[in-house]
Amino acid sequence: MPKNPYALAVSAVRRAVLNAYEEAVVRGELPAGAPEDFDVSEPRDKGHGDLAANFAMVWAKALKLNPRKVAEIIVADIDNGDFIEKLEIAGPGFVNITLTSAWYGQTLTAIDEAKADYGKSDYGHGKRVQVEFVSANPTGPMHLGNARGGVLGDVLSSIFQWTGFYCEREFYLNDTGNQVDLLGKSMESRFFELLGDEVSYPFPEDGYHGDDVKEHAKAYIELHGDSLKDAPEAERRTKLRDFALERNIARMKEDLARYRIVHDVWFKESSLYGEGGAVDIALADMKKNDAVYEADGALWFAATKFGSEKDEVLRKGTGFYTYYMGDIAYHYNKFVIRGFDTVIDIWGADHHGHAIRFASAMRAIGLEPTRLKFILMQLVRLVRGGEIVRMSKRTGKAVSLSDLLDEIPVDAARFFFCSRQNDTQMDFDLDIAVKEDSDNPVYYVQYAHARICSILRNLLAEGIAPKPAAEVDFTKLTAPEELELIKHLAKLPQELIMAADSLDPSRMTKYVMETAATFHKFYNACRVRGEEQSVMDARLKLCELTAQVLRNVLTIINITCPDRM
RNA sequence: GCGCCCAUAGCUCAGCUGGAUAGAGUGUUUGGCUACGAACCAAAAGGUCACAGGUUCGAGUCCUGUUGGGCGCGCCA
């Protein structure tokens, strides 16, 4: 498994401090009873060293001593080990730590050993995680919310895979229920229209008015003729509905593939129903837990017994199950039947009420609610020329994912949607996204990579290639810009772990932008070509490894990493 | 009415889960290529972190209230 240089430094510091404390207690210099928990992290201000520890301030209260006094005692007798160069007491009692050149060298060596795997860890210990995302209604084209959720889910899944989880990407296909029936009715109406009968089946008031339905109906007639005209109504609607669904699903898969998203599983809602299906099993469980009752001709979930504010209908008076029941059965299937340890559902923020209510459903089927996590995305608004864009110019309907991809490159779209935290509302500025220059952050990052490739090419043309890490003297790297860059590269594995913990893929775009910025600063401060041999070797290696890190992160975000641009 | 989310520089956003003098990008002003890619870098300017309390060594970050914006409260999905 690749190393995590940042975590190694942090734990080395922590161990050294705790050891020094134990010895101080034995000598009677400090009282026992200090809490073990304290923070070792990178200080905000770079002038405060590579790492800073706050143990003195955390302990001061418990030990009834002045924080600076505590710090002095610990620092006076600490064993520096391999990684700590020096410790300084500062401010109210912070201890600032400078790391040794050995640590910097080991960091670069670790990256060189792991290469395309650098960043990976076994943090997840193979735990099974499922990320369900997009799950767009198959009654029409995907919208911008799906575009945002698509990238979030896709990148989050990659983050889980990089941090040692087993992760599947899933699309929940709502192929049954009112909305889909309405699609069947809309198809039926278009079908008769095309056959010249506009009166027998008037278009449903709340039907799907889009041209896509007309096209589906036309295609059906071209393929199968008009035989359905005389078929029983139910059969006709079902056939037309399924035909439209299949075509919509195929189109969604195409659009998603174009967007570089491939789901492992497309799970059909309809498969939950029927004899012995997940609905039956989950319902039996709920009955066992005394969670259901009948009233007013409907079957109810006694959600108030499980923490909700009001009860919910599971089976309507019509005999059909509600979406809620389907969703309970679906999650029963995920956890109990398929054995996922954790499930992440990525939904639009308009579903947050449902997300909150779902905790009681989890309890009712005997599952710990925290195993199910929701990411609720706020709305996306398109902005062009300072104005909010509501409709697509071409179709007059809401802007769809494929409309968006017609207009801007996939790299830019993915990077942009991944660059904001999911709980913020976001404005997508088309003017910037469409620009292929440095205003667009994705090019800033790609430029850094192309620039490094150019350096490597130029030197290779002169017969100079990067050497293996073991043959490079990294102690030659001493400039602040060099050390900053190495420190930043060291953080990738930890950054991935934090992204997995906080379910926040935007950390990766932030990280890679900072990687690019840190490199550009180094580039402007330090030359590679023409320096003394050992310095050149070290800097060239640093360039090569920076490019490697950029590639690894861009692979996670799944955007291209050009050698030239 | 009740519930969830949000509010940080003119604009778009960070702020490492409570740390030291609140940071980037963009826009404005200025400087840096006969030297590895100037799609870059450096500097200046720009702030009552919506408002008022509270918690503690320490609050943009946590708790309460207020204001303003988004969303939700169905035998819809």
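Sequence lines set the chain letters: A, B, ... in the order given, protein chains first and strands last, and positions in each chain run from 1.
Taking a pair to require two hydrogen-bonding distances under 3.5 Å in either a Watson-Crick or a G-U wobble arrangement, B:A20 remains unpaired. Across all strands shown, B:C76 forms no Watson-Crick or G-U wobble pair with both key distances under 3.5 Å. Pair assignment for B:C4: B:G70, on the basis of Watson-Crick or G-U wobble contacts that are both within less than 3.5 Å. Pair assignment for B:U55: none, as no Watson-Crick or G-U wobble contacts are both less than 3.5 Å. Remark: B:G25 base-pairs with B:C11; criterion is Watson-Crick or G-U wobble with both hydrogen-bond distances under 3.5 Å. Across all strands shown, B:G60 forms no Watson-Crick or G-U wobble pair with both distances under 3.5 Å. Base pairing of B:A42 is made with B:U30, judged by Watson-Crick or G-U wobble geometry with both donor-acceptor distances under 3.5 Å.
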**Message:** Please encode protein proximity along nucleotides 17-22 of chain B as a string of B, S and -, counting only heavy-atom distances under 4.0 Å.
**Reply:** B-BB--

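Checking A:Leu87, A:Ile97, A:Val17, A:Val70 one by one against A:Val75, the side-chain contact (heavy atoms from CB on, under 4.5 Å) holds for a single residue, A:Leu87. Just one of A:Lys46, A:Lys521, A:Lys491 meets the salt bridge (Lys or Arg N to Asp or Glu O under 4.0 Å) condition when paired with A:Glu484; it is A:Lys46.
In this entry the distance linking CG of A:Leu460 with P of B:C36 reads 18 Å, nearest Å. In this structure, the CD atom of A:Glu514 is 11 Å from the P atom of B:A24, given to the nearest Å.
At B:C16, none of the side-chain N or O atoms of A:Lys510 fall inside 4.0 Å of OP1 or OP2 (strictly under the cut-off). Applying the 4.0 Å criterion to OP1 and OP2 of B:A77, one finds that A:Lys316 has a side-chain N or O inside that range. When the side-chain nitrogen and oxygen atoms of A:Tyr523 are compared with OP1 and OP2 of B:A38, one or more of them lie within a distance under 4.0 Å. Contact between the side-chain N/O atoms of A:Asn458 and the OP1/OP2 oxygens of B:G37 is found at a separation under 4.0 Å.
Using a 4.0 Å heavy-atom cutoff across all strands shown, A:Phe320 reaches no nucleic acid atom at all.
Side-chain atoms of A:Asp280 and A:Tyr273 form no donor-acceptor pair, as typed in the model, at a separation below 3.5 Å. Donor-acceptor pairing under 3.5 Å is lacking for the side chains of A:Ser270 and A:Thr176.
Less than 6.0 angstrom separates the ring centroid of A:His354 from the ring centroid of A:Trp347.
Side-chain atoms of A:His352 and base atoms of B:G3 include a donor and an acceptor less than 3.5 Å apart.
Under the 6.0 Å distance and 45° angle rule, A:Arg451 does not count as a cation-pi partner of A:Phe519.
Base orientation at B:U17 is syn, since its O4'-C1' glycosidic dihedral falls within 90° of 0.
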